[in-house]
Asks: 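Got a structure for you, written out below as structure tokens; questions coming shortly.
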Amino acid sequence: MIQILALAQVGAVPTTPVEMVVSATAATKIVLAILIALSLISWAIMFAKWAQFRSITRNSETFIHNFERSSSFQAAVDAARQSSELPHARILHRASDFLREVTPALAATTGRAAKFSGSQVEALRLVLDAETNAARDRLSRYIPSLGTIGSVSPLIGLFGTVLGVIEAFIGIASQGSGNIGAVAPGVAEALIATAAALAVAIPAVFGYNLFANRLNRIDSELEGFGTELIALLVREGRN
């Protein structure tokens, strides 16, 4: 800041953001470096999540279409082997594992008819709910980081601005000049940190809200898929 005041006295006042950053103090440059790192992290998360959700949306439409056309539960399981990474397929395979685990108990019922009891249906529903929650946890990975970056960045920028203003007034006092031409460059440099923080926070908050809403829709789709899966078993006479 003292550098800017010295430049102001000789008429070489920085007039662009780049010039202000170049002539900024070490504290301001450190704050800007932190904000740049947070910006790169947030954009990397947003691009990765955009690609992930786009892939899930595209592939899940095909998967659900094939599932609805399946004539039996086993046919649906066989069709899901080609989309094993989809959360819908994981739920289907988890249901298949559950059926294999309870088969001996079902075979011992009256007439050896393979039918679920009410408690077994409820157990299956709980298993599918647990798998749905696990899928949500996997998909939500790194999304909270966007919210953290969006909320912390303005505070970091404000911290840099406060330090810049303090140093500006110290420089004014040491130089003995209080006119607007001497004050304005120092305050402008201090506000660069706030502007940079907003440039980091706004996309991060936007991305957080966007992906959180998309995650909620996928969660609802998975819950509906679990219900349809149980309905398919009912149509097969397993209940």
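Owing to the predicted nature of the structure, the values given are computational and were not obtained by experimental measurement.
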Asks: With a 4.5 Å limit on heavy-atom distance, are the side chains of Asp129 and Arg125 in contact?
Replies: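 Result yes, sub-4.5 Å side-chain heavy-atom pair found.
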
Asks: Under 4.5 Å between side-chain heavy atoms, counting indirect links through other Ile/Leu/Val/Met/Phe/Trp/Tyr residues: same cluster for Leu198 and Trp43 or not?
Replies: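 No, separate clusters.
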
Asks: Can you measure from CD1 (Ile34) to OG (Ser39) and round to the nearest 0.5 angstrom?
Replies: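 Result: 13.5 Å between the selected atoms.
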
Asks: For atom CZ of Arg138, is the number of surrounding heavy atoms from other residues, nucleotides or ligands below 6.0 Å larger than 12?
Replies: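 It does: Arg138 CZ has more than 12 such atoms within range.
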
Asks: Is Phe47 linked to Val200 within one hydrophobic cluster, defined over Ile, Leu, Val, Met, Phe, Trp and Tyr using a side-chain heavy-atom separation of less than 4.5 Å?
Replies: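 The answer is yes; both residues are in one hydrophobic cluster.
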
Asks: Measuring only between side-chain heavy atoms, which start at C-beta, is Ser145 closer than 4.5 Å to Ile41?
Replies: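 No, side chains not in contact.
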
Asks: Rounded at 0.5 Å granularity, tell me how far CG in Leu92 sits from CG in Asp97.
Replies: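 One finds 10.0 Å between CG of Leu92 and CG of Asp97.
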
Asks: In terms of hydrophobic clustering (I, L, V, M, F, W, Y; side-chain heavy atoms under 4.5 Å; direct or indirect links), are Met46 and Leu210 co-clustered?
Replies: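 No, because Met46 and Leu210 fall into different hydrophobic clusters, even though each may have its own neighbours under 4.5 Å.
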
Asks: Mind checking what makes side chain to side chain contact (heavy atoms under 4.5 Å, CB included) contact with Ala197, not counting sequence neighbours?
Replies: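 For Ala197, the residues satisfying side chain to side chain contact (heavy atoms under 4.5 Å, CB included) (neighbours in sequence not counted) are Leu35.
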
Asks: Indicate the atoms forming the closest heavy-atom contact of Ser140 with Pro144, along with that distance.
Replies: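 The answer is O-CD, 3.1 Å.
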
Asks: For the pair Ser153 (side chain) and Gly150 (backbone), establish whether a donor and an acceptor sit closer than 3.5 Å, ignoring hydrogens and angles.
Replies: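 No, because the side chain of Ser153 does not come within donor-acceptor range (under 3.5 Å) of the backbone of Gly150.
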
Asks: State the CG-CZ distance between Leu222 and Arg90, to the nearest 0.5 angstrom.
Replies: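 Reported to 0.5 Å precision, the distance equals 11.5 Å.
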
Asks: Grouping I, L, V, M, F, W and Y whenever their side-chain heavy atoms are under 4.5 Å apart, do Leu40 and Leu32 come out in a common cluster?
Replies: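 No; tracing contacts between hydrophobic side chains, which count when under 4.5 Å, never links both residues.
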
Asks: Measuring only between side-chain heavy atoms, which start at C-beta, is Thr132 closer than 4.5 Å to Ile91?
Replies: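 A side-chain contact exists here, since the closest heavy-atom pair is under 4.5 Å.
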
Asks: Show your working on side chain to side chain contact (heavy atoms under 4.5 Å, CB included) between Thr28 and Leu163 and close with a plain yes or no.
Replies: CA-CA 8 Å; Thr28 300; Leu163 292 179; over 6 Å; no

Asks: State, to 0.1 Å, how close Gly160 and Val31 come at their nearest heavy-atom pair, and which atoms those are.
Replies: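 The pair with the smallest heavy-atom distance is CA-CG2, 3.8 Å.
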
Asks: Which pairs pass ring-ring contact (aromatic ring centres under 6.0 Å, His included) with one or both residues in residues 200-231, sequence neighbours excluded?
Replies: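 Every ring-ring contact (aromatic ring centres under 6.0 Å, His included) pair that includes a residue of residues 200-231, provided the two are not neighbours, is Phe53-Phe211, Phe63-Phe225, Phe67-Phe225, His88-Phe225.
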
Asks: Which value, rounded to the nearest 0.5 Å, describes the distance between Ile149 atom CD1 and Ile156 atom CD1?
Replies: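 Here the interatomic distance stands at 9.0 Å.
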
Asks: Thr161: what forms a side chain to side chain contact (heavy atoms under 4.5 Å, CB included) with it, not counting sequence neighbours?
Replies: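 If we apply the side chain to side chain contact (heavy atoms under 4.5 Å, CB included) test to Thr161, skipping adjacent residues, the hits are Val165, Ala190, Leu191, Ala193, Thr194.
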
Asks: Is any side-chain heavy atom of Ile56 less than 4.5 Å from a side-chain heavy atom of Leu139?
Replies: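 Answer yes - side chains close enough.
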
Asks: Say whether Ile202 and Val205 are linked into one hydrophobic cluster, either directly or through other cluster members, by side-chain heavy-atom distances under 4.5 angstrom.
Replies: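 Ile202 and Val205: separate clusters.
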
Asks: Check whether any side-chain heavy atom of Arg136 sits under 4.5 Å from a side-chain heavy atom of Asn216, and report yes or no.
Replies: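 Arg136 reaches Asn216 side chain to side chain.
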
Asks: Decide yes or no for Arg214 and Arg217: does some side-chain heavy atom of the first lie under 4.5 Å from some side-chain heavy atom of the second?
Replies: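 In short, these two side chains touch, coming nearer than 4.5 Å.
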
Asks: If you round to the nearest 0.5 Å, how far is CD1 of Ile218 from OG1 of Thr57?
Replies: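 Taking OG1 in Thr57 and CD1 in Ile218, the distance rounds to 5.5 Å.
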
